[in-house]
Amino acid sequence: MRTATLGPAQRAEALARMAERELDLLVVGGGVVGAGTALDAATRGLDTGLVEARDWSSGTSSRSSKLIHGGLRYLEMLDFALVREALKERGLLLERLAPHLVKPVPFLYPLTHKGWERWYAGSGVALYDGMSVSSGHGRGLPVHRHLSHKRALRVAPCLKKDALVGALQYYDAQVDDARFVMTLVRTAALYGAEAANRARVVGFLREGERVVGARVEDVEAGGEYEVRARQVVNATGVWTDDTQALIGERGQFHVRASKGIHLVVPKDRIHSTTGLILRTEKSVLFVIPWGRHWIVGTTDTDWDLDKAHPAASSADIDYLLEHVNSVLATPLTRDDVEGVYAGLRPLLAGESDATSKLSREHTVAHPVPGVVVVAGGKYTTYRVMAKDAVDEAVHALDRRVAECVTEDTPLVGAEGYRAMWNARAQTAARTGLHVVRVEHLLNRYGALADELLDLIVTDPALGEPLAAADDYLRAEVVYACTHEGARHLDDVLTRRTRISIETFDRGTRSARECAELMAPVLGWDADQIDREVQHYEKRVEAERESQRQPDDLTADAARLGAPDIVPL
C-alpha cells in the first residue's frame with residue numbers, strides 16, 4: 001500500500017524545496033479544484049507545487065452539502081451536458097477513485113399532485129438514471145422506484161400525511177468534503193507534488209509581462225519564499241478576483257459568491273430511512289443522512305462580506321426550518337439544531353449586468369502570460385476542472401507532456417479498501433476494537449486505517465473514544481497532525497473531524513482533550529494549548545452570536561468578533 005504523509009516536517013521541507021528550483025506548475029489554492037489540479041499535474045510527470053493560505057479545504061470545499069451528484073435540477077434547466085459530465089464523475093468516484101470516501105445515498109422526492117407530476121418527475125429521474133448508466137460508470141447504484149402514498153410514509157414516517165400523494169426514490173452519492181480534499185492533497189504528494197498549507201501568496205514574480213512565480217509567506221514559522229514556476233494556476237475559488245488583483249490584471253470574468261447555509265440535527269429528530277429532496281420557491285432543499293445526524297440545506301443568497309468566515313444569520317436558519325417543517329409531522333425547533341455552517345459557492349459572472357450569467361459551468365482562461373485561472377464549476381466535477389486547467393497550462397511549456405491519467409488514479413486509501421472491508425470482523429477481533437469502530441475507520445481512511453491501528457497498538461489509550469465526542473477515537477486526533485497536515489485545533493475539530501457541527505456544544509467540550517493530544521506532535525507548550533482552546537471557544541461563541549443576528553450585516557460583524565489564530 002502506497003501512502004504519503006503531511007506532517008510538520010514534510011510541510012517545512014516542501015516549502016524549502018519549492019524555493020530551491022523552478023517548478024513546472026505552482027497551484028495556488030488548496031480547495032478541491034486546487035488539490036485536484038496538483039494531482040493531475042503531478043501524475044503527468046510535472047514538477048508541481050501547491051500552496052494554501054489557510055488549511056486545506058478551509059473555504060468552500062469544507063462547507064458544501066456533502067453531495068457528489070449529477071444535479072437533478074439541472075435536467076429541468078435542460079443542461080444535459082453538465083449533468084452527463086457530473087454523473088460520469090460520480091460513477092468514477094464511487095467505483096474506482098474513492099470508494100472508501102464516496103457512498104451511495106437514497107433520496108425521496110414527495111409528489112404533491114396526482115397524475116401529471118408523477119409522469120413529469122418520473123421521466124426526469126428515469127433520464128437521470130439512464131444518463132448515469134450510459135456514462136459507463138453508473139451501474140453500482142440502484143435505479144429509481146415509484147412509491148405509493150402508503151409506501152412512501154413507510155419509508156419516511158416523518159412526513160405529514162397530507163404533504164404528499166406519493167413519491168419517487170432515487171440514489172445519489174455523498175462525501176465528507178473536507179476529508180476528500182485532504183486525501184487529494186496526500187495523493188498529489190504521493191506522486192511527487194510539494195504541498196504546504198498555511199502558506200499565503202502575497203505577491204507574484206514578474207519578468208516583463210510574464211508571471212514567473214509567486215512570493216509565498218509562511219504563516220506558521222514566518223519568513224517569505226520566492227517560488228518560481230513556468231506556469232501558475234489560480235484555483236482560489238471565491239478569492240479568484242482577489243488573487244488576480246495581486247497580479248494587477250483585470251480578469252476576463254468575475255466570480256461572485258453565493259452563500260449557502262446548512263443545519264445539522266440528530267438522527268432521532270427525523271424518523272426516516274431515506275434522505276429527502278424538497279422543492280422550494282427558489283430551488284431545492286435537501287435533508288441528507290449524515291452518520292448519526294441529518295444535514296438540512298441549503299440557502300442561496302448573494303454574499304459580498306467577509307469571504308473567509310461567511311456567517312449564518314437568524315433569518316437563514318428560520319428559512320430552512322420553515323421549509324423543512326412544511327413537510328415534517330414533528331417540526332424541528334432551534335433547540336434541535338446541533339450545528340450550523342455557511343459556505344460560499346463561486347459562481348461565474350459576466351463583465352456587466354447586461355451580459356451577466358451566473359453559472360455552475362466552469363471556465364479556464366490564460367489572462368496573462370504565465371497564469372492560468374480556473375473558476376466556477378461544482379464539487380463533483382473538480383477532476384474535469386483540474387484536467388482543463390492543466391491542459392491549458394501545458395500549452396505554454398516547451399516540451400511534450402503526458403495526457404491526463406486521473407481517471408485511472410485511485411486516491412490513497414482506495415487500493416485494498418474493499419478487501420479490508422470484507423475482513424473487518426477479523427480486524428476487530430485482532431485489535432480488540434468493536435467492528436463498528438473498524439467500519440468507521442475504513443469509511444474515513446480506507447486502507448490507510450492500518451496506520452491508525454498501528455498507532456493504537458503502540459499506545460492503547462489512543463484506541464479510546466474522545467470523552468465528549470465518542471464517534472471519534474483519540475488516535476484520529478494524533479493522526480490528523482502526524483499525517484494529514486492539521487496545524488491548529490480548529491483544523492481538527494472542524495475539518496479532520498466534524499465535531500464542530502456534530503455536537504450540541506460545537507466541540508468546546510472536546511477542545512482541551514484534543515489540544516493536549518496534538519501538543520506533542522506540534523511542539524506546543526502549556527501556554528499554546530491554552531491559546532488554542534481559548535481561540536476555539538471564542539470562535540464558537542462568535543458563530544453562535546452571529547446566528548442570533550437578524551441579517552447578513554449584523555451576522556458578519558458578530559462572526560468577525562473572533563480573530564483568526566496567530567501562531568507563535
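Computed over heavy atoms, backbone and side chain alike; hydrogens, waters and symmetry mates excluded.
- Counting only distance, with no hydrogens or angles, the side chain of Y128 and the backbone of G70 share a donor-acceptor pair below 3.5 Å.
- In this structure, E194 pairs ionically with R21, as a charged nitrogen and a carboxylate oxygen lie closer than 4.0 Å.
- Side chains of R383 and T406: a donor on one and an acceptor on the other come within 3.5 Å.
- Rounding to the nearest 0.5 angstrom, the gap separating the CD1 atom in I499 from the OG atom in S510 is 4.5 Å.
- Under the 3.5 Å distance criterion, with hydrogens and angles disregarded, a donor-acceptor pair is assigned to the side chains of E502 and Y472.
- Note on ring orientation: taking the six-membered ring where Trp is involved, the planes of H262 and Y341 are parallel (angle under 30°, cut-offs 30° and 60°).
- R96 places a side-chain N or O within 3.5 Å of a backbone atom of E407 that can act as its donor or acceptor partner.
- Looking only at distances, no side-chain donor or acceptor of E85 sits under 3.5 Å from a matching main-chain atom of L82.
- Of the possible donor and acceptor atoms, one in the side chain of T458 sits under 3.5 Å from a partner among the backbone N and O of D454.
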Checking V478 against V521 for the side-chain contact (heavy atoms from CB on, under 4.5 Å) test, could you report, in this order, the C-alpha distance in whole Å, the side-chain angles of both residues, the deciding distance, and whether it holds? CA-CA 7 Å; V478 175; V521 181; 4.1 Å; yes
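- Take Y536 and apply the side-chain hydrogen bond (donor to acceptor under 3.5 Å, both in side chains) test, not counting sequence neighbours, and it matches no residue.
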Steps toward ring-ring contact (aromatic ring centres under 6.0 Å, His included) verdict (F107, F286): CA-CA 9 Å; F107 285 101; F286 287 101; 5.4 Å; yes
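- Proximity of a side-chain donor or acceptor of K378 to a complementary backbone N or O of H69 within less than 3.5 Å is detected.
- With hydrogens and angles disregarded, a donor-acceptor distance shorter than 3.5 Å links the side chain of Q10 to the backbone of G7.
- Without hydrogens or angle criteria, E217 side chain to V219 main chain gives no donor-acceptor distance under 3.5 Å.
- Salt-bridge formation is detected for the pair E484/R179: a Lys NZ or Arg NE/NH1/NH2 atom is positioned less than 4.0 Å from an Asp or Glu carboxylate oxygen.
- One side chain, H362 or D388, offers a donor N or O that lies under 3.5 Å from an acceptor on the other.
- Judged by the 6.0 Å and 45° rule, R90 forms no cation-pi pair with Y171.
- Inspection of the Y382 and E89 side chains reveals no N or O donor paired with an N or O acceptor under 3.5 Å.
- With hydrogens and angles disregarded, no donor-acceptor distance shorter than 3.5 Å links the side chain of R437 to the backbone of A428.
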Donor-acceptor pairs under 3.5 angstrom involving side-chain atoms of residues 30-40: please list them, not counting sequence neighbours.
unit_1, atom_1, unit_2, atom_2, d
T37, OG1, V33, O, 2.7
D40, OD1, R44, NE, 2.6
D40, OD1, R44, NH2, 3.1

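- Between the side chains of R539 and T494, a donor-acceptor pair is found at a separation under 3.5 Å.
- Side chains of D177 and S64: a donor on one and an acceptor on the other come within 3.5 Å.
- Counting only distance, with no hydrogens or angles, the side chain of D491 and the backbone of H488 share a donor-acceptor pair below 3.5 Å.
- Looking at R198 and D55, no side-chain N of the basic residue comes within less than 4.0 Å of a carboxylate O on the acidic one, giving no salt bridge.
- Y417 and W421 have tilted rings, their planes meeting at an angle from 30° to 60° on a 0 to 90° scale.
- Side-chain N/O atoms of Q231 and H366 include a donor and acceptor closer than 3.5 Å.
- Of the possible polar contacts, none joining the K307 side chain to the W303 backbone as a donor-acceptor pair under 3.5 Å is found.
- Distance CG/L190 to CG/L6: 10.5 Å, rounded to 0.5 Å.
- Interatomic distance, L442 CG to N422 CG, rounded to the nearest 0.5 Å: 10.0 Å.
- E224 has a carboxylate O that lies under 4.0 Å from a charged side-chain N of R215, or vice versa, which qualifies the two as a salt bridge.
- Residues T236 and T243 bring a donor and an acceptor atom of their side chains to less than 3.5 Å of each other.
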